Structure formats: C-alpha cells, structure tokens
There are 2 protein chains.
Amino acid sequence: MLVTSFEEKLDPRVKRTRKLLTDAFEELVQEKSLHAITVQDIAERATVNRATFYAHFDDKYALMDHLVASSYRETVKNKLADACGFSHENLALLIEATCEFLSRYTSSCHPSDEKYRPLIETQIQAQIKGLLSRWLEEHTNENGPSNIDIEITSTVYSWAIFGAGMQWAQHSNGSTLEDYSADVVSLILDGAPVP
Amino acid sequence: MLVTSFEEKLDPRVKRTRKLLTDAFEELVQEKSLHAITVQDIAERATVNRATFYAHFDDKYALMDHLVASSYRETVKNKLADACGFSHENLALLIEATCEFLSRYTSSCHPSDEKYRPLIETQIQAQIKGLLSRWLEEHTNENGPSNIDIEITSTVYSWAIFGAGMQWAQHSNGSTLEDYSADVVSLILDGAPVP
DNA sequence: ACAGTATAGCAACATTTGTTGCTTTGTCAA
DNA sequence: TTGACAAAGCAACAAATGTTGCTATACTGT
C-alpha cells in the first residue's frame, strides 16, 4: 500500500510488479484521461492480476501520486543540485523548478481530470515544505533561532511557492519565468508591495 | 451538475431535491466517514432516485465540496462582516476565520478521509483569492497601481493563508489563535524573518 | 386553465470496484 | 539444496457506479 520511497532492497518480484504497473500506467496516461483509465485497464496492460494492483496501490490516484511525487523530486534534485540554504537565489531556483514542473504536468493533463488534480498535486507542497524546513534549520544553526517558528515559516512559504507554481502553470503571463520567480521571491521575502 | 451559487429563482422541484440530498448527506457525514458513504446511501436516505443524484452532482465529493464551500463563505461573511480592504487587521481576521473553519472541518473529519481532503479543501483557496483580489483592486484604486501584479499577489497570499489555516488545523501549537494569525500576517506582509 | 417544458421516478444495463480464500510460484537464507 | 515464507495468480463475490430510455408528475407562462 505504502510504496517505500527509498529504494530499499526489495523483493525482485515486487520490483518487477511495480515496474510493470507504472510502465503500463504511463502508457495509458498518454492515451487517455486519468478519469477514463480504470484499474482494470492498468492491470490488463501490465499483465498483472487486478488483485495484485490493490496490494500495491489504493487506487489509480495513489499510483499517479507516486509517479508525480518522484518526478517532482527528480526535477528539484536536478535544478537545485547541491543547493542548500535559505537564500534569494535558492528560493528563485525552487520556484522556477516548481513552475516548470507544474506547467509540464498541467499541459499533459486532460481537461476532464481538472477535478482530481488537487489529489495529486498537494503532496508537492509537502515536498517543498520539507526542503524549506531543512534550509531553515541550517540557517538557524548559523544565526541563532529566528523569532518566528520554522514550522510556520516553512508551511506558509511552501504553500505560497506551490500556489505561485499553480498560477504560472495555469495562466503563464507574458513575462519570463525568471522575472516571475523574482517577483514571487520578493513578494515572499520582502513582504507586501503595499503594506 | 454545476450547482448555481447564487440563489436564483430555481424550479421548486430542484430546490426540494437538493435540500433532500444535502440534508441526507449531512446526516450521513455525522454517522460515518465520507469514504464509507456511497451515492446509494445518500439517495436512499434522501428518498431521491439515485439517477436524480447524478443529475445534480458528479459524485459525493462534489456534494461535499458544495457544502464546504457555502459553509466557508458563511463563516467568512460572519467574521468579516463589512470588512473590506487590504489591511493588517482584515488579513488577521481572514486568517482567523480560515483557521477556525479548517480546524472545525478537520476535527469533524474521519481519519480515513485524509486522502481525499485536498479535493474538498482547495476551493477554499479560490475563495480567499477572490476576496484578496477585491481588496487589492480597491486598494489600488486609492493608491495607484502597485508594482507587482494583483493577480500574483492575491494568488500567492491566498495560498499562504490557506496553508496557514491547514497548519493550524492540523497542529495547533500552544499559542492562541490571535498570536498565530499575527505571526502569519507579519510573515506575509513584513517578509522573511531572516532575509 | 391549459399546453409545453423541465424534472423526478423507475428499471435495467454493462462495468468497475474492492475483497476473499485458495493455489502456485519465486526468493532467500540456513 | 531445500524448506519456510512472501508475493502473484486465479476465480468468484456482493456491491457500487454511471448511464439510458421511458413514464409520470410538477411547474411556468400565456
């Protein structure tokens, strides 16, 4: 049910089954909307018994969630490489990565799936929060504890960044991504434009 | 399918059916988890044909969404009354309203429904954004256009506020709601604690 | 009051879902 | 190598879903 996120030593059978399932699913997603895809479809295409599907994922959304999560993780890892620390630059990079990812995801998403997107997307916010937490922890170690709780800060900022990404993905205005992320960073770090 | 949000003059039959459905649903929600509730249940309890349910809502989540949306609208209306304008005070009120609402909602929510919460909750962000937009528009009229797009500002802030509410609802720390909202407001308006 | 129209009820349908008990097969370690 | 164990296959299930074509009923404006 819970797909172990670390690639632990895994029974080769489950490895094989999961690969079959995810491969089949990725194929299907290219072909039709998530809404139109059934667990039947996936199992059939994967040549895996349907009951076995349920041994690995709760439903198709869980599978989608898993794929999106690891894909985003990958995107962030590439863009941020070793970047680690709470700074304008890193925030900008993180925002850009998020915008790019959500943009790609949105355009690969059939309109009929609109309704169920939050189900898959909100875990991205959780990842952002994790990242920010680590950055802030480190930052705190250097400069002494900040006056506002790290928990609150990372939560609020992660949602803000996630939201900025969603906004970009859905109505990317004329501006460049760099300008956009700069605006967002300044909005977040420097505060309100009209306080 | 789309439940008209304004109480337009509606065919009394439609009104009746919707009331029957929502009443039945509200009863059921008290009794078991959303996950465990079926469309069958709802239709049966409402003494409405199941096919008729589908003429009004896509699925049980759409119904839940509808109820949560109007409930939140109500909450905000009460708390903010005529408050209208982009200010520290109003932001604080909005945040408190959101925290209270999400807190109530969370505690009334069976743990087995965790997975599907984003489906219902994210439309709250949309409401917040609408509110902020109006506030900022008005503010702009007074003080000339701000340097950062209202669209971006309202989006980012609305997600930030929504996130703050979620955080409060799930791990309400020891502090009072007033302190919490003050922290969040200052985080949002005054910028990063460690810039 | 009535005719036209919109909505609800009803019954039936093919499908999908989620789960179960049991069997078979693959894996790992002693 | 073999024996214990974990995972996958299989078949069958009751139940829920989403949709359809048709009938009956309630509303609306003229």
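Chain identifiers are assigned alphabetically (A, B, ...) following the order of the sequence lines, protein sequences preceding nucleic acid strands; residue numbering begins at 1 within each chain. Since the structure is predicted, the reported quantities are computational estimates derived from the model, not experimental observations.
In this structure, the CZ atom of B:Arg50 is 11 Å from the P atom of D:dT19, given to the nearest Å. If you measure from atom OH of A:Tyr54 to atom C1' of D:dA12, you get 15 Å, rounded to the nearest angstrom.
A:Glu151 meets the side-chain hydrogen bond (donor to acceptor under 3.5 Å, both in side chains) test with A:Lys129, B:Gln167; sequence neighbours excluded. With sequence neighbours left out, B:Tyr105 forms a ring pair (Phe, Tyr, Trp, His ring centres under 6.0 Å) with no residue at all. Partners of A:Glu89 according to the salt bridge (Lys or Arg N to Asp or Glu O under 4.0 Å) rule, which considers only residues two or more places apart in sequence or in another chain, do not exist here. Remark: B:Arg13 engages B:Asp11 in a salt bridge (Lys or Arg N to Asp or Glu O under 4.0 Å) (not counting sequence neighbours). Every residue was checked against the ring pair (Phe, Tyr, Trp, His ring centres under 6.0 Å) condition with A:Phe25, not counting sequence neighbours, and none meets it. The ring pair (Phe, Tyr, Trp, His ring centres under 6.0 Å) test applied to B:Tyr180 returns B:Trp168, not counting sequence neighbours.
Within the structure, the salt bridge (charged side-chain N to carboxylate O under 4.0 Å, His left out) test picks out no pair touching residues 155-180 of chain B (sequence neighbours left out).
Contact annotation: the side chain of B:Val184 approaches that of B:Ile188 to within less than 4.5 Å [non-hydrogen atoms, C-beta and beyond].
Put simply, A:His56 has a side-chain N or O that comes within less than 4.0 Å of OP1 or OP2 on D:dA8.
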| note | In B/S/- notation (B base, S sugar-phosphate only, - none; protein heavy atoms under 4.0 Å), nucleotides 21-30 of chain D written 5' to 3' is ----BBSS--
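Listed by residue number, there are no residues of residues 19-27 of chain A with a heavy-atom contact under 4.0 Å to DNA chain C. Of all the residues in residues 32-46 of chain B, not one reaches under 4.0 Å from DNA chain C with any non-hydrogen atom.
Heavy-atom nearest nucleotides on DNA chain D were determined for A:Thr52 and for B:Lys60, and the one closer to the 5' end corresponds to A:Thr52.
First and last contacting nucleotides of DNA chain C toward chain A (any atom under 4.0 angstrom from a heavy atom, 5' to 3' order): C:dT16 to C:dC28.
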| task | Given side-chain hydrogen bond (donor to acceptor under 3.5 Å, both in side chains), test B:Arg117 with B:Thr106 step by step and report yes or no. | result | CA-CA 9 Å; B:Arg117 289 186 50 181; B:Thr106 297; 2.9 Å; yes
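Taking the screw axis at each terminus of the helix from C:dA1-D:dT30 to C:dA30-D:dT1 from five consecutive base pairs, the angle between the two is 40° to within rounding of 10 degrees.
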